[in-house]
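Encoded as structure tokens, the structure appears first; notes follow it.
In each ligand, atom 1 is the first atom listed, and ligand 1 is the first ligand listed. Position 1 is the first residue of the sequence; numbering continues from there.
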Amino acid sequence: MPSVSDKKRSAQPFELLLDQQTIQKRVAEIGDQITRDYADQTLVVVGVLKGSAIFLADLVRQIKLPVELEFVSAASYRKGTAREEDIIFSGGLQNPLKGRHVLLVDGIIDSARTVTTVMQRLQREEPASLEIVTLLDKPASHRTRIKIKYRGFTVGNDFVIGYGLDNTQRYRNLPFVGRLVEK
Ligand code: IMP
Ligand code: MG
């Protein structure tokens with residue numbers, strides 16, 4: 001259950017969706033799976049800022065392999081009143097990915113447009129392999145076909161916050177995932 005201090009961190013009411021223990025258990029399972037799947041390999045873990053930051057920090061500590069970290073930024077903005085959004089990619093890649101085993105980490109996949117854009121960009125670097133891991137997935141919202149190798153939890157279309165995910169830059173520091181409740 002969220003504590004009184006957790007509630008103070010969030011100005012808006014929320015409903016608990018995934019508690020800390022549930023998240024940590026699942027993150028450990030995914031870390032074990034990745035450790036088995038990439039046995040004897042060195043992984044390059046690429047985080048999509050900012051939403052993946054908390055998940056990535058916990059996940060990489062559950063991967064018992066040599067791991068290198070890179071980060072990229074992706075932001076979407078709406079073109080006027082149209083539903084279509086442009087994804088702005090800003091690569092922060094400091095080392096070549098050519099011939100490397102790359103794992104792209106996101107916090108949440110909604111329309112899947114962000115992750116698709118980042119994948120296309122990373123593919124150009126000619127990695128030996130490229131897979132996706134996301135803490136949360138909203139499969140009903142996908143608007144492009146995307147193969148997600150590792151997924152923490154499937155959620156509905158509700159807007160969720162916490163554990164790295166924001167609403168207007170707030171709530172990323174909540175240690176659990178909640179659903180915002182309209183006031
Ligand atoms: P996309 O629609 O898959 O391109 O997702 C774009 C971005 O929207 C994600 O990386 C998140 O930053 C954000 N996003 C989508 N759904 C949620 C949500 O429920 N909570 C917080 N951020 C979200
Ligand atoms: Mg956001």
Side-chain angles (χ1 to χ4, degrees), residues 2 6-7 9-20 22-24 26-27 30 44-60 69-93 102-124 130-183:
D6 285 333
K7 297 232 161 164
R9 276 188 274 191
S10 170
Q12 222 174 311
F14 59 84
E15 257 169 31
L16 182 66
L17 213 56
L18 300 166
D19 65 29
Q20 241 176 308
T22 303
I23 295 169
Q24 294 310 325
R26 186 73 188 114
V27 171
I30 298 171
V44 185
V45 171
V46 180
V48 183
L49 292 173
K50 304 171 195 169
S52 72
I54 309 288
F55 172 48
L56 182 146
D58 282 344
L59 179 65
V60 292
L69 299 185
E70 296 285 342
F71 293 93
V72 295
S73 285
S76 54
Y77 74 93
R78 250 165 231 277
K79 285 189 270 183
T81 55
R83 256 195 75 75
E84 285 302 299
E85 290 176 7
D86 263 0
I87 310 291
I88 306 296
F89 173 90
S90 52
L93 293 171
V102 177
L103 195 53
L104 181 62
V105 186
D106 211 342
I108 188 162
I109 296 178
D110 184 18
S111 72
R113 284 169 48 78
T114 304
V115 81
T116 299
T117 301
V118 175
M119 285 289 276
Q120 285 167 351
R121 176 63 185 76
L122 297 185
Q123 204 76 62
R124 296 214 306 258
L130 179 58
E131 300 289 354
I132 297 172
V133 52
T134 187
L135 177 75
L136 302 179
D137 183 26
K138 293 180 172 177
S141 303
H142 290 191
R143 287 164 67 207
T144 78
R145 280 177 70 89
I146 188 90
K147 180 180 150 247
I148 302 171
K149 184 151 189 201
Y150 308 98
R151 158 192 300 107
F153 304 91
T154 293
V155 292
N157 283 341
D158 289 332
F159 196 83
V160 295
I161 51 154
Y163 199 68
L165 302 175
D166 74 306
N167 182 27
T168 60
Q169 300 306 326
R170 297 275 306 275
Y171 317 120
R172 293 192 199 273
N173 60 326
L174 295 175
F176 52 83
V177 172
R179 186 181 76 81
L180 279 187
V181 179
E182 295 304 322
K183 272 196 244 192

Can you confirm whether [X] sits close enough to [Y] that some side-chain heavy atom of one is under 4.5 Å from a side-chain heavy atom of the other?
X: F153; Y: V177; result: no
X: Y163; Y: D58; result: yes
X: V133; Y: V45; result: no

Taking all non-hydrogen atoms of both residues, which atom of [X] and which atom of [Y] are closest, and how far apart?
X: I23; Y: P175; value: CD1-O, 4.1 Å
X: G47; Y: L56; value: CA-CD1, 3.5 Å
X: L165; Y: G51; value: CD2-O, 4.1 Å

With atoms numbered from 1 as shown, which atoms in ligand 1 lie under 4.0 angstrom from a non-hydrogen atom of [X]?
X: D158; answer: 19 (O)
X: D110; answer: 1 (P), 2 (O), 3 (O), 5 (O), 15 (C), 16 (N)
X: S111; answer: 1 (P), 2 (O), 3 (O), 4 (O)
X: T114; answer: 1 (P), 4 (O), 5 (O), 6 (C)

With a cut-off of 2.8 Å, strictly less than, protein N/O/S atoms near the Mg ion (ligand 2) add up to 1
Exam field: side chain R26 to backbone R151, donor-acceptor pair closer than 3.5 Å: yes
For E70, check salt bridge (Lys or Arg N to Asp or Glu O under 4.0 Å) against everything at least two apart and list the hits. none
Do any N/O atoms on A112 end up under 3.5 angstrom from N/O atoms on ligand 1? yes
Do any heavy atoms of [X] fall under 4.0 Å from ligand 1?
X: K138; value: yes
X: V48; value: no
X: G51; value: no

Is atom NZ of K149 surrounded by more than 12 heavy atoms (other residues, nucleotides or ligands) closer than 6.0 Å? yes
Can you check which of V160, L180, I108 brings a heavy atom nearest to atom 21 (C) of ligand 1? V160
Examine the side chains of T134 and D106 and answer whether a donor and an acceptor come within less than 3.5 Å of each other. no
